[in-house]
Number of protein chains: 2
Amino acid sequence: MSMKELLESLKSNGYKITEQRKSIIQVLTSYNNKFISVETLFNESKKIYSKTNMSTVYRNLEILENLNLIHKILTKEGISLYQLISTTTHHHHIICKRCGKTEVIDFCPISSFEKLSKNKNFTLTDHKFELYGYCFNCENLKDS
Amino acid sequence: MSMKELLESLKSNGYKITEQRKSIIQVLTSYNNKFISVETLFNESKKIYSKTNMSTVYRNLEILENLNLIHKILTKEGISLYQLISTTTHHHHIICKRCGKTEVIDFCPISSFEKLSKNKNFTLTDHKFELYGYCFNCENLKDS
DNA sequence: TTATATGCAAAAGATTTGCAATATA
DNA sequence: TATATTGCAAATCTTTTGCATATAA
């Protein structure tokens, strides 16, 4: 989703367009389908609009998440990562544990489980499928 | 893995067997393949050995994780959950977002991706596949 | 006996919140 | 102008750490 569309979405939900919001959204869109940490988002946003404050970043991430415009994951190390929700196809990721390089996997194993979960009387709402490892570069640099 | 085996494993790695450790491991084993939060683990451990301290719980969870005896996940809400690593088959979970009820899925979608990741020059090391939703009970209680 | 483990309290790090000031519509 | 938004600082929550004391082997 483009910056313009995201701002429209906020506006149509009654939110005002502030410089801070614009800077946050600009950074998010520039990251496309990649995950970004709160700290990086904060630092990058400040480069665009220097007054952006950390509380503002958190508050806006919450708004965007509630509007289903961004997606949050927490790494095992406790780092919160956000990414824009893709408007194209549903997909998952391979994530490099060293450099964070993220590649899209255009396949989702969920369909096989819709039946299974019915058998278990489970209503599925979310799922997570992520592959972790090392990209070619990092694999070769790993021990250096 | 049984409590006895876990204690053996600690002992053979040079760790001493303390009452605190026993209480923590007893709770973990009683939870089998289910996830338990640090707070619950702490509270349950205290019921068995009242002197167990929160720092001790954290320190022992770290030891057990390093020995590859337990597995940690972080929920989107930032809650750390631990479970004993099953010595039986590799599997994944369906987790109820309301009551935490966890059921085992004895299928893993990873094999389909081993080839794919090679094409992408990615060395796979870990993966995560979790289904979230509501179990039958919670589905019906959700809005109450 | 001696190294490991623990308890306690303080520190650290991430996130949230109250409130007064500010900016958008 | 009225209401939503922000900045700041303090509060909160989880986890970690230093150090003196206790305990398993």
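No hydrogens, no waters, no symmetry mates; every other heavy atom, side chains included, goes into these values.
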J.: For the pair made of CG in B:Asn13 and P in C:dT4, what is the distance, rounded to whole Å?
T.: 14 Å

J.: Find the distance B:Asn66:CG to D:dT16:P and express it as a whole number of Å.
T.: 11 Å

J.: So which pairs with a foot in residues 7-32 of chain A pass salt bridge (Lys or Arg N to Asp or Glu O under 4.0 Å), sequence neighbours left out?
T.: A:Glu19-A:Lys22

J.: Considering only residues two or more places apart or on different chains, which pairs with a residue in residues 63-72 of chain B satisfy salt bridge (Lys or Arg N to Asp or Glu O under 4.0 Å)?
T.: none

J.: Whole Å only: how far is the CG atom of B:Leu10 from the C1' atom of C:dT4?
T.: 13 Å

J.: Could you verify whether a donor N or O on one side chain and an acceptor N or O on the other, from A:Glu5 and A:Ser2, lie under 3.5 Å apart?
T.: yes

J.: Quick one: list whatever passes side-chain hydrogen bond (donor to acceptor under 3.5 Å, both in side chains) with A:Asn13, sequence neighbours left out.
T.: none

J.: To the nearest Å, give me how far apart CG (B:Leu61) and C1' (D:dT17) are.
T.: 16 Å

J.: Between P on D:dT16 and OH on B:Tyr58, what's the gap in Å once rounded to a whole number?
T.: 7 Å

J.: Taking any heavy-atom pair under 4.0 Å as a contact, classify A:Ile79: base, sugar-phosphate, or nothing.
T.: nothing

J.: Taking protein heavy atoms under 4.0 Å as touching, what does nucleotides 3-10 of chain D look like 5' to 3' if B marks base contact, S marks sugar-phosphate-only contact and - marks none?
T.: BSSBBBB-

J.: Tell me the salt bridge (Lys or Arg N to Asp or Glu O under 4.0 Å) pairs involving residues 42-59 of chain A, sequence neighbours left out?
T.: A:Glu44-A:Lys47

J.: Using the side-chain hydrogen bond (donor to acceptor under 3.5 Å, both in side chains) criterion, which residues pair with A:Ser45? Sequence neighbours excluded.
T.: none

